[in-house]
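Following: one structure in structure tokens, then a few remarks.
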Amino acid sequence: MILEVEDLAINARGLPAVDGVNLGVRPGEILGLVGESGSGKSLTALSIMGMLPAGVRASRGSIRFDGRDLLKLSQSELREVRGKDIGMVFQDPLAYLNPRLTVGDQLAEALTVHGASRGHAAGRAAELLDLVGVPNAAARVKDYPHQFSGGQRQRVLIAMAMANEPRVLLADEPTTALDVTVQAGILTLLKRLRDETGTAVVIITHDMGIVEQVCDTAAVMYGGHIVEHGPARTLLTRPRHPYTAGLLRSVPRLASEPVRRLPVIPGAPPDLAERPPGCPFSPRCDRADDRCGERPPLDDGFACWHPLSETVLAVREPYTPPEPRASEPVIRAENVTVTYGRRKRAVRAVKGVSLTAAPGQTVGIIGESGSGKSTLARALLGLLPAAGTITVAGRSWAGASKAEQLAMRRAVQMVFQDPYLSLNPRLSIRDTLAEPYEVHGLCPAEEVPERLGVLMDQVGLPRPFLDRYPYQLSGGQRQRIGVARSLAVEPQIIVADEPVSALDVSVQAQILNLLADLRDEVGVGIVFIAHDLGLVRHFCDETLVMYQGEVVERGPSHRLFEAPEHPYTKTLIAAA
Amino acid sequence: MTAIPADRKWIRAGRSTKGLAGVILITLLVLAAVAGPLLLGVSPYEQGADALAGPSGAHLLGTDEVGRDLLARTLYGIRSDLLICLVAVPLAALLGTGLGLLGGLTRWGGEVIQRVFDVLLGFHGVILGMAIALVISPGFVAVVTAIVLITVPSFGRQARAALLQQLSREYVLAATTVGASKARVLGRHVLPNVTDSVTALFAVAMANAVKIEGGLSLIGLGIQPPEPSLGTMISAGSRYIQVAPQYALVPVLLLAALVLGLTLLSDAINRERLRS
Amino acid sequence: MAFWLRKALSALLTLWISSIAVFGLMRLTPGDPAAAVAGPDATAAQVAAIRAELMLDQPLLTQYGHWIGGLLGGDPGKSFQYNRPIIDLLGESVASTVQLAIAGIIMIPVVGLLTGLALVSRRLGKAADAFATAALSLPVYVSAVILVFLFAVRLKVLPATGEMSFLEAPDLSVQFLILPGIALALPAGAVLGRLLATEIRRVRQEEFVLTARAKGVPEKRISRRHVLPSSLGPFVVEFGIGIGELLGGAVIAEELFARNGLGKLMLDAVQNRDYPMAQLLLMLAITIAVIAQLVTEVALSRLDPRIRLEAAA
Amino acid sequence: RSATQVAATGKDITLAFSAAPDPMKLLRRTVDSPVFSSLVFDRLVDLDKKTLQPIPLLAKEWEWSKDRTSLVLKLREGVQFHNGRALTPDDVIFTLTKAQDEKSGAQVAPMLKRIKNMEAGQNEVTLTLSGPTSNLFDALMFVPIVDSTTYGSGKVIGTGPYVWGAFTAGTQLQLTRNEKYWGGSPEIEKITIKAIKSPQAQLSALQSGQVQMVGGIPARDIKTTSAAGKFTVSVTRPSYQQTYLGVDVRTKPFDDPKVRQALQYAVDRKRIADQVYGGYAEVSSLPWPANTPGVTQDQVNRYSYDPDKARQLIKEAGAEGAEVTLWAGQTPIFSSVLDIVQYDLEKVGFKVVPKLMDATEFQTLVVNAKLPGLNIANIGLVSVSPLTGISTANPARPGENTSRLDDKKYVELQQAAYGATTDVARDKANHDLSEYLLEQSFHITLAQAHEVVLWDPSIKSADTTFLGYLNLAAAKRGA
Ligand SMILES: Nc1ncnc2c1ncn2[C@@H]1O[C@H](COP(=O)(O)OP(=O)(O)OP(=O)(O)O)[C@@H](O)[C@H]1O
Ligand SMILES: Nc1ncnc2c1ncn2[C@@H]1O[C@H](COP(=O)(O)OP(=O)(O)OP(=O)(O)O)[C@@H](O)[C@H]1O
Ligand SMILES: [Mg+2]
Ligand SMILES: [Mg+2]
């Protein structure tokens with residue numbers, strides 16, 4: 001073990017953010033630290049770097065790095081270790097690079113601060129850039145971060161972390177901000193570096209897929225605890241902890257067969273304040289009994305009183321895609337083109353896209369960031385001017401009278417990507433949900449409260465929440481409100497722009513199921529935008545693949561994913 | 001990330017030590033201005049033979065150059081300064097926000113209004129004030145007008161920025177998708193959040209208003225005698241700084257206190273805005 | 001490149017509108033320049049004669065055209081008051097104001113930087129905050145009175161008022177500049193300081209600071225190399241705007257310190273309805289403000305490569 | 001070096017004056033005249049401050065014809081202009097002719113117009129008058145003799161003790177002594193005149209030793225420096241600052257002399273003298289000094305402060321609670337005067353609407369006699385003599401004046417005064433004019449303010465002319 005964390009506890013503003021974590025990684029080994037947002041992954045990593053934010057401190061345990069306890073070192077001693085023996089790569093590649101210094105300078109700095117001469121450092125900077133596979137490195141060192149692509153920036157960060165050939169490399173969600181295709185590149189890079197230098201790598205992620213692809217060992221974190229750890233393979237194939245299992249089930253993976261409803265982990269991730277003394281998962285665990293809540297389970301590879309005996313991953317209701325009901329398309333879009341900006345700075349975000357959406361059916365749109373998905377979605381709702389024809393129930397947005405537009409809006413609704421931005425912070429949930437009724441005058445005022453109640457039931461939220469404000473709700477709950485708002489006018493089609501990307505893995509499934517139910521029971525048609533292939537495959541009857549504003553391939557989901565034709569689709573699926 | 005409704009912000013602002021200090025200062029001054037004269041019961045206009053007399057039982061702060069009671073005048077002075085603030089700043093806020101929004105909503109309008117703001121900013125406060133005071137003869141109206149014109153651009157720009165930011169917010173789109181009319185979207189979703197960021201400017205604007213009033217008085221274009229105002233008293237009093245220091249210094253301190261109070265308050269409010 | 005072109009054009013537009021505003025403003029102010037020139041107990045006949053002499057009996061459009069024409073031709077015309085070409089009158093005033101401005105331009109950022117850094121430092125923070133708030137709250141005309149009273153009348157270490165040509169006696173003229181300089185620099189500097197402080201605090205939260213720390217960069221170097229440069233943006237902008245306002249600010253400062261600069265000239269001109277003089281100086285003030293704006297933008301783009309390169313693109 | 005120590009050296013001095021010298025209107029008495037006019041120029045005569053008799057200057061002696069309609073002025077020999085030209089009778093005639101023309105702006109033009117003809121003789125000038133002119137010397141002592149060859153060219157060339165030197169309009173003027181001065185070369189070599197508007201700035205300049213004299217500032221401001229004791233205050237006889245309350249006799253209720261007289265009683269002149277002029281002013285019901293021959297004490301104190309009397313008169317005239325507009329120009333002085341007058345008038349039951357506007361705007365209204373109601377302003381030269389006063393100052397001029405009082409009797413009185421060439425006659429004329437003003441009360445004197453100059457004690461025997469112009473021919477600078 002080059003790095004060994006023992007019984008680490010981290011106290012964040014009086015709350016136990018991390019509680020009794022044990023980790024170890026050997027030279028040349030890649031450890032995957034998996035867990036949902038807020039489970040304590042980043043803090044653990046930061047504590048290893050001795051870089052915990054203000055108000056947060058390690059309250060217990062030890063972090064051994066070749067014999068020394070990092071927690072006992074002084075700041076200056078730690079500084080010696082940082083970047084020299086232990087390197088770190090952060091999540092958002094742009095934010096973590098200084099926009100005002102050239103990439104070369106920033107790389108060189110990593111060396112100079114540890115005693116390298118300027119000249120040598122400058123030369124090495126180019127080498128490093130080349131090492132991480134940035135084309136014609138020698139020239140690019142003079143460029144500024146914003147001149148690099150997302151993937152390249154991430155490579156720069158990695159190069160920076162590797163500058164002094166550290167013995168341990170910590171990577172906190174190194175690929176989360178990147179597109180699938182780019183992700184793959186970064187992961188192989190990490191692997192390669194490990195092979196070449198023999199560094200121990202700790203990859204922090206919330207994506208089981210990554211564990212599967214690159215990790216030798218893995219540890220699953222939940223509510224500040226390590227609930228399960230061991231060799232990646234076994235952990236993925238035969239999870240013993242219910243949470244691990246739940247996590248694996250609730251995430252549809254390309255490999256697995258689609259199902260009608262995803263198995264979900266009920267409830268929401270734990271709140272630090274009210275975490276039971278015992279197993280943090282017990283409140284959401286179907287196997288839990290009193291003991292679980294009271295006494296922390298012993299840790300022997302998995303921390304659970306009732307470990308799963310054998311894998312239950314297979315247990316999924318078999319799924320026969322519902323007969324595509326013969327229904328008239330409500331949305332008809334024919335070679336839609338959207339252009340932002342004027343003249344010189346014009347950006348054609350969507351180029352000649354056609355699609356139709358009918359009640360009871362799901363059209364999936366996938367594509368990397370910037371490929372025009374959201375733009376298309378907004379065009380479909382007549383939110384921005386588009387060339388080509390977009391008709392809703394036979395009427396075109398262009399030249400529709402106010403009254404007509406109102407009618408059209410009753411037919412199509414939208415669910416937005418970020419539940420934090422899509423609710424007006426100043427309006428109570430009641431006001432937000434009441435708005436559709438007010439503007440459409442759907443029912444007499446006195447009936448509205450009852451309707452709202454029904455809506456809340458539909459999206460599975462307690463009625464009292466009507467009087468809360470957005471900031472009093474969790475992400476998942478907000479997104480349910482977003483769905484409820486779109487349901488209010490009883491639309492025939494809902495356009496959902498990455499409705500779950502901003503949500504925790506275990507919550508995603510809940511929202512997806514909600515949409516699935518609406519489709520199958522109410523018969524709403526859904527245009528489902530995502531960049532997670534698994535979701536789309538699992539969820540959609542038909543799938544469109546967008547690339548740089550164009551639809552490069554389309555077809556029934558099962559066909560498209562089994563036998564992709566367009567090269568881009570191929571790489572996409574290969575990468576995932 | 002999670003935005004807090006404005007009202008809470010103000011309350012929170014009040015809670016921080018700085019904010020509290022500001023609130024207290026202002027409250028005291030307002031009390032002095034409102035209750036002071038009543039308690040004192042001396043007319044600020046009553047002239048007398050003994051000019052520039054030092055503090056005495058009859059005149060706690062002494063008298064000015066024509067034998068009027070300084071304390072009374074100072075208290076009334078605060079009153080008129082507060083009045084100026086309360087009239088001018090909201091006016092400026094309304095006008096500025098209005099123009100700012102117009103600028104944000106209409107393309108050509110935006111251009112023109114930006115230019116107008118640039119011109120207004122081009123004139124230095126003092127000069128603009130002077131010109132205005134001359135055009136409409138000096139006095140309350142002139143001072144208010146000057147302050148309004150000087151303050152409008154800052155409100156305008158703030159409002160415009162806030163508006164543009166709001167328009168790109170997803171909940172604004174969401175409102176449109178559920179079929180809310182443009183007017184409704186603006187009135188219900190955009191404006192409230194805009195006002196929110198505009199109100200944050202209030203305290204600063206008021207502080208400046210007080211300063212401008214004083215600056216105009218300095219060149220004799222402020223509030224006109226016999227009406228007292230802190231500014232006029234400072235400019236008149238600084239003439240007697242050596243024989244009757246209290247004449248200028250007391251208003252100076254009060255004016256400073258007023259500005260200080262407002263500055264502290266605005267600091268606190270802004271801090272709250274950043275936090276949320 | 002088009003970026004700068006647009007900027008320049010809109011600046012010109014601004015100036016043109018300003019010229020109309022300035023011209024109109026002067027004509028709007030009641031009071032007859034001729035009467036001012038004639039002085040007290042002049043007869044109506046005398047005043048009328050002067051009016052004609054000053055071409056004030058001509059239609060406004062002609063007057064405006066004449067003025068603008070002159071300006072563009074580099075001839076701002078004759079001063080009503082002094083009945084001399086304005087150019088001849090500006091000489092010394094310009095020098096005086098330029099000196100004052102330079103004093104300000106030197107002192108303001110110094111005060112600003114020091115205050116800003118003090119504000120974010122652990123030890124001085126509180127004191128600096130008190131100072132900044134006080135400096136902000138004291139209007140120039142107040143601090144000036146106090147400064148003069150202390151340093152000139154009581155301590156007699158610095159000249160109260162007046163000035164001296166820098167060329168004749170640099171050492172002395174500097175002494176005359178200290179008090180006005182401070183009076184100008186205190187509030188302006190305090191504003192800058194606070195701005196800088198808030199910005200530094202913000203930048204310290206930025207992720208790239210974490211990266212630097214993770215590289216093992218010492219805190220000192222992080223502040224110097226990563227935080228400060230990234231924090232200077234608003235500082236520069238505000239300072240630029242500040243420079244733009246210096247001429248305006250000079251009005252007060254020169255009145256208080258009895259300096260015969262452009263500010264005083266402008267004040268007199270407006271008060272005596274010396275149209276050509278007032279108009280020229282007002283335009284000058286505005287032009288400076290506008291140019292300051294432009295230059296500021298350039299400086300900003302130097303500080304932030306993103307702006308620069310977008311502009312270039 | 002410290003700028004606080006560097007005052008002028010023993011041989012030169014620096015003066016601070018509220019108004020900048022302006023060489024454009026040399027023949028006119030403007031605010032800036034006192035600081036340089038008598039240093040650069042000579043007059044034909046000056047008047048004795050006590051006896052009011054002419055003192056020879058460029059005119060070394062003179063002789064009246066019997067009927068007092070022609071005057072022969074013998075000029076001093078060997079007088080040279082600063083450009084080396086010798087003074088000739090033609091220069092005198094040139095100057096007087098210029099001064100007769102309204103365009104020159106010379107206040108005494110109306111009096112000089114009475115000169116029908118001028119003849120140059122052997123170093124003498126003969127003036128022929130349209131009629132007896134008792135106050136001709138008032139006019140002559142007023143007019144500075146200019147160099148006929150350069151006048152109007154912007155050059156400033158006189159025969160005075162000091163030579164006009166480096167000059168920046170609106171800010172500064174330097175004078176160097178005229179070694180060839182006929183009265184002997186002055187002691188002080190160099191005089192620098194700085195224009196400093198703000199009294200505070202002036203005083204602190206004086207206190208910190210940057211200047212040795214400050215002038216043209218409100219007298220009351222002198223009291224405001226604790227250091228007043230350290231400096232010599234030289235007070236000239238009341239002159240350019242006769243502050244008055246002008247009454248437009250065509251606006252009700254002031255068409256009634258009773259109401260106008262009520263005003264006289266209503267205003268508290270003592271308080272104005274003390275509070276506005278810091279005591280440097282004379283309290284009098286008349287525009288001209290109390291020592292004016294023919295004027296009686298009773299006249300001087302005719303209207304002492306008496307609100308009750310005022311109210312009573314107003315009652316009689318049935319003008320209680322009348323609303324009156326009170327105009328004034330925006331200066332610290334006038335706004336204080338306005339303060340007090342407004343207060344006093346309200347005390348006797350008027351409703352006062354104060355209209356304090358910026359100086360130029362006010363000036364415009366004065367010139368066009370557009371001041372319905374009351375207005376506060378000041379004039380000069382009334383202090384010289386009643387006749388000169390009413391003949392030169394718009395507000396009180398017989399015929400057309402800002403009070404819009406048009407009365408034959410007044411004009412007759414003026415003519416009589418011109419003819420009053422004997423002392424007895426002159427005294428009577430002065431008395432009658434005073435009586436007329438008091439009775440008509442359209443031009444109400446508020447204060448005869450002194451012009452006050454503050455000297456550094458090191459300056460000795462600095463003097464002022466009858467008009468209150470600086471006269472430093474004999475000034476010295478000691479330790
Ligand atoms: N600076 C801080 N102050 C207070 N609490 C904090 C701070 N940083 C993190 N926390 C809390 O500590 C817990 C763990 O945070 P951490 O960032 O380690 O989670 P994470 O697993 O990295 O989540 P994510 O996947 O979103 O990065 C969270 O509940 C968070 O609210
Ligand atoms: N308001 C805008 N002005 C100019 N260009 C824009 C604007 N919005 C988006 N774009 C550009 O249009 C293209 C498509 O953007 P869009 O948001 O539709 O992509 P996306 O597929 O939704 O990406 P993501 O998966 O990150 O949401 C991008 O290149 C983006 O830079
Ligand atoms: Mg994290
Ligand atoms: Mg998108």
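Within every chain, numbering begins at 1; the chains are lettered A, B, ... in the order of the sequence lines, protein sequences first and strands thereafter. These numbers come from a predicted model, not from an experiment.
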- Message: With rounding to the nearest 0.5 angstrom, report the OG1 to NZ distance, T171(D) to K264(C).
- Response: 7.5 Å
- Which one, Q202(D), K25(D), E361(D), Q330(D), leads in non-hydrogen pairs under 4.5 Å with chain C? E361(D)
- Task: Kindly give the heavy-atom pair with the smallest separation between P23(D) and R84(C), and that separation in Å.
- Result: CG-NH2, 3.7 Å
- Task: Name all residues meeting the side chain to side chain donor-acceptor pair (under 3.5 Å) criterion together with E254(C); count only those two or more places apart in sequence or in a different chain, and write none if there are none.
- Result: T97(C)
- Item | Toward chain C, the part of A195(D) with a non-hydrogen atom under 4.5 Å | backbone
- Message: Around atom CG of L61(C), are there more than 12 heavy atoms from other residues, nucleotides or ligands closer than 6.0 Å?
- Response: no
- Item | G31(C) to T364(D) - nearest heavy-atom pair and separation | CA-OG1, 3.3 Å
- Of all of S93(C), S96(C), S79(C), P30(C), which one pairs up most often with chain D through heavy atoms under 4.5 Å apart? P30(C)
- Any side-chain heavy-atom pair from D358(D) and R273(C) closer than 4.5 angstrom? yes
